[in-house]
Amino acid sequence: MADDPKMRPERRDLGRVFNEVPELYDRVRPGYPDELFADLAGITGMDERSSVLEVGCGTGQATRSLAALGCSVTAVEPGGEMAALAHRRLAGFHNVEIERSTFEEWDDRGRRFDALVAASSWHWVDPSIGWRRAHDVLNPGGWMALLGNVVVRRPGEPEMYAETADLHERFCPGNPGWGHPPLEDDVRTTDEGWGLVDDPGDLFGPTIVRWYPTVQWLNGNDFADLLRSTSLYRRLDRDVREPLLDAIAERIRTRMGDRASRRYLSVLRVGQRAE
């Protein structure tokens with residue numbers, strides 16, 4: 001029940017839905033562990049001399065960690081509200097510039113970068129344009145890095161969808177998006193390639209894949225807000241979405257002690273630009 005990277009026809013429209021709720025997105029969406037950025041720096045050699053292009057920076061969650069490495073970050077974000085919030089959040093970093101545009105239409109002005117990073121955003125980029133453009137804006141030997149969070153479950157652990165499946169069917173029956181998250185061990189076997197996005201072919205070399213398990217604990221209201229920030233729920237009609245999320249929040253409060261977990265595998269996929 002995560003954002004679906006395979007919804008091609010609705011890519012641009014759904015990519016805008018997060019712009020409707022930037023403060024909510026920034027507050028409840030999970031970030032990425034420090035270990036991931038340490039590995040990213042170790043693999044790519046990223047340091048204060050490096051130039052990084054971030055595609056789809058959102059509210060700047062990953063941007064902050066990239067900037068903390070000391071590198072120069074140019075962050076591209078199409079959503080005006082998201083970009084404005086990122087600008088406020090990152091005001092203390094003098095090594096970050098935020099430019100409002102889609103990656104497909106972005107004016108690179110001849111600039112070239114040592115790394116391109118996309119955190120939970122690359123599936124919103126048109127693959128027929130994105131991969132070639134990524135290759136072209138990178139310096140020789142540059143690196144492409146995709147970051148993401150995959151919702152997973154472990155056998156025997158309480159899991160939020162299992163606890164609320166009846167509510168999902170009651171308020172929105174037959175939705176093909178409903179279902180249990182994959183098992184963590186099954187996800188860990190997908191340790192090659194670029195994940196669920198389209199393959200870049202021979203534009204980039206073999207990937208290095210690293211997994212980082214994390215758990216997010218939320219009360220009922222915050223868990224409902226987390227779901228409210230995802231494309232699967234945002235594309236529901238408001239008259240369906242809000243009663244469903246209110247019912248989920250109430251169940252967490254009354255049956256789960258107002259404390260629910262969501263388990264993730266954060267993932268880092270890195271490949272070097274082919275010449």
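Both backbone and side-chain heavy atoms feed into the values below; hydrogens, waters and symmetry mates do not. Source: prediction; values computed, not measured.
A donor-acceptor pair under 3.5 Å links the side-chain atoms of Asn149 to the main chain of Gly31, judged by distance alone. Arg241 places a side-chain N or O within donor-acceptor distance of the main-chain N or O of Arg234, the cut-off being under 3.5 Å. In this structure a side-chain-to-backbone donor-acceptor pair under 3.5 Å is missing from Glu54 to Leu116. Listed for the Asp258 side chain is a donor-acceptor partner under 3.5 Å among the backbone atoms of Gly220. Arg133 places a side-chain N or O within 3.5 Å of a backbone atom of Trp106 that can act as its donor or acceptor partner. Between the side chain of Glu77 and the backbone N or O of Gly58, at least one donor-acceptor pair lies under 3.5 Å. No donor-acceptor pair under 3.5 Å is formed between the side chain of Arg188 and the backbone N or O of Leu183. Without hydrogens or angle criteria, Asp237 side chain to Asp239 main chain gives no donor-acceptor distance under 3.5 Å. The main-chain N or O of Thr164 is found under 3.5 Å from a side-chain atom of His168 such that the two form a donor-acceptor pair.
For Arg111, the CZ atom is densely surrounded, since the number of other residues' heavy atoms within 6.0 Å is greater than 12. Residue-environment remark: CG (Asp191) exceeds the threshold of 12 foreign heavy atoms within 6.0 Å. Within 6.0 Å of CD in Glu192 there are 12 or fewer heavy atoms belonging to other residues, nucleotides or ligands. By the neighbour-count criterion of 12 heavy atoms within 6.0 Å, atom CD of Glu97 is sparsely surrounded, having that number or fewer from other residues, nucleotides or ligands. Other residues, nucleotides and ligands contribute at most 12 non-hydrogen atoms within 6.0 Å of the CZ atom of Arg255.
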* Asked: Taking it one step at a time, do Val55 and Val125 satisfy side-chain contact (heavy atoms from CB on, under 4.5 Å)?
  -> CA-CA 9 Å; Val55 173; Val125 176; 4.0 Å; yes
* To do: Please report the C-alpha distance between Arg132 and Leu203 in whole Å, then the side-chain angles of each, then the deciding distance to 0.1 Å, and finally whether the side-chain contact (heavy atoms from CB on, under 4.5 Å) criterion is met.
  => CA-CA 7 Å; Arg132 169 53 65 180; Leu203 294 174; 3.1 Å; yes
* Tyr32 and Thr214: side-chain hydrogen bond (donor to acceptor under 3.5 Å, both in side chains), yes or no, with the steps? -> CA-CA 9 Å; Tyr32 304 92; Thr214 60; over 6 Å; no
* Give the C-alpha distance, both sets of side-chain angles, the deciding distance and a yes or no for side-chain hydrogen bond (donor to acceptor under 3.5 Å, both in side chains) between Thr207 and Arg269. => CA-CA 6 Å; Thr207 53; Arg269 298 180 185 271; 5.4 Å; no
* Determine, step by step, whether Ser72 and Phe113 satisfy the side-chain contact (heavy atoms from CB on, under 4.5 Å) criterion, reporting the C-alpha distance in whole Å, the side-chain angles of both residues, the deciding distance to 0.1 Å, and the verdict. => CA-CA 9 Å; Ser72 172; Phe113 300 85; over 6 Å; no
* **Intermediate values then yes/no, side-chain contact (heavy atoms from CB on, under 4.5 Å), Leu244 and Leu167** => CA-CA 7 Å; Leu244 169 60; Leu167 300 178; 4.2 Å; yes
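Interatomic distance, CG of Leu66 versus SG of Cys71, reported as 5.5 Å (0.5 Å rounding). The structure places CG of Leu69 at 7.5 Å from CZ of Phe37, a figure rounded to the nearest 0.5 Å. Here the CG atom belonging to Asp186 is positioned 11.0 Å from the CG atom belonging to Leu265, to the nearest 0.5 angstrom. Distance check, rounded to the nearest 0.5 Å: CD1 of Ile248 to CG of Asn221 gives 12.0 Å. Once rounded to the nearest 0.5 Å, the distance linking CZ of Arg29 with OG1 of Thr230 reads 6.0 Å. Between the OG1 atom in Thr44 and the CE atom in Met144 there is a gap of 13.5 Å [rounded to 0.5 Å].
Transitive grouping of hydrophobic side chains (ILVMFWY, heavy atoms separated by less than 4.5 Å) keeps Trp211 and Leu40 in distinct clusters. Both Leu138 and Val197 are part of a single hydrophobic cluster, where members link through side-chain heavy atoms under 4.5 Å apart. No path of Ile, Leu, Val, Met, Phe, Trp and Tyr side chains, each step under 4.5 Å between heavy atoms, connects Val137 with Val96, placing them in separate hydrophobic clusters. Hydrophobic clustering places Met46 together with Leu36 (ILVMFWY residues linked when any side-chain heavy atoms are closer than 4.5 Å, directly or through intermediates). Residues Val52 and Trp143 share a single hydrophobic cluster, defined by chaining ILVMFWY side chains whose heavy atoms lie under 4.5 Å apart.
Nearest heavy atom pair, residue Met160 against residue Ala260, reads SD-CB, 3.9 Å. Scanning all heavy atoms of the two residues, the minimum distance from Pro33 to Ser266 falls at CD-OG, 3.5 Å. Taking every heavy atom of both residues into account, Asp199 and Gly201 meet most closely at OD2-N, 2.8 Å. The two residues Ala145 and Leu268 make their nearest non-hydrogen contact at CB-CD1, 4.3 Å.
Taking the charged nitrogens against the carboxylate oxygens, Glu157 and Arg153 have no contact shorter than 4.0 Å, which rules out a salt bridge. Ion pairing between a basic and an acidic side chain is recognised when a charged N comes within 4.0 Å of a carboxylate O; Arg154 and Glu159 show no such pairing. Asp222 has a carboxylate O that lies under 4.0 Å from a charged side-chain N of Arg27, or vice versa, which qualifies the two as a salt bridge. A salt bridge links Arg210 to Asp39: at least one charged side-chain nitrogen sits closer than 4.0 Å to a carboxylate oxygen. The pair Arg251-Asp166 counts as a salt bridge, with a side-chain nitrogen and a carboxylate oxygen less than 4.0 angstrom apart. With respect to the salt-bridge test (charged N to carboxylate O, under 4.0 angstrom), the residues Asp47 and Arg49 qualify.
Considering only heavy atoms from C-beta on, Ile98 comes within 4.5 Å of Leu90 through its side chain. Side-chain atoms of Arg263 and Gln216, non-hydrogen and from C-beta on, never get closer than 4.5 Å to each other. Counting heavy atoms from C-beta on, the side chains of Leu147 and Val117 come closer than 4.5 Å. Using a 4.5 Å cut-off on side-chain heavy atoms (C-beta onward), Tyr264 and Val150 make no contact.
Of the candidates Met82, Arg88, Glu81, Leu85 forms a side chain to side chain contact (heavy atoms under 4.5 Å, CB included) with just one, namely Arg88.
Aromatic ring centres of Phe103 and Trp122: separated by under 6.0 Å. Centroid-to-centroid, the aromatic rings of Trp178 and Tyr233 come within less than 6.0 Å.
Side-chain contact check for Asn139 and Asp114: at least one donor-acceptor pair (N or O, by modelled atom type) lies under 3.5 Å.
With sequence neighbours left out, Tyr212 forms a ring-ring contact (aromatic ring centres under 6.0 Å, His included) with no residue at all.
Other residues sharing the hydrophobic cluster of Val215, ordered by chain and number and joined by side-chain separations under 4.5 Å: Trp217.
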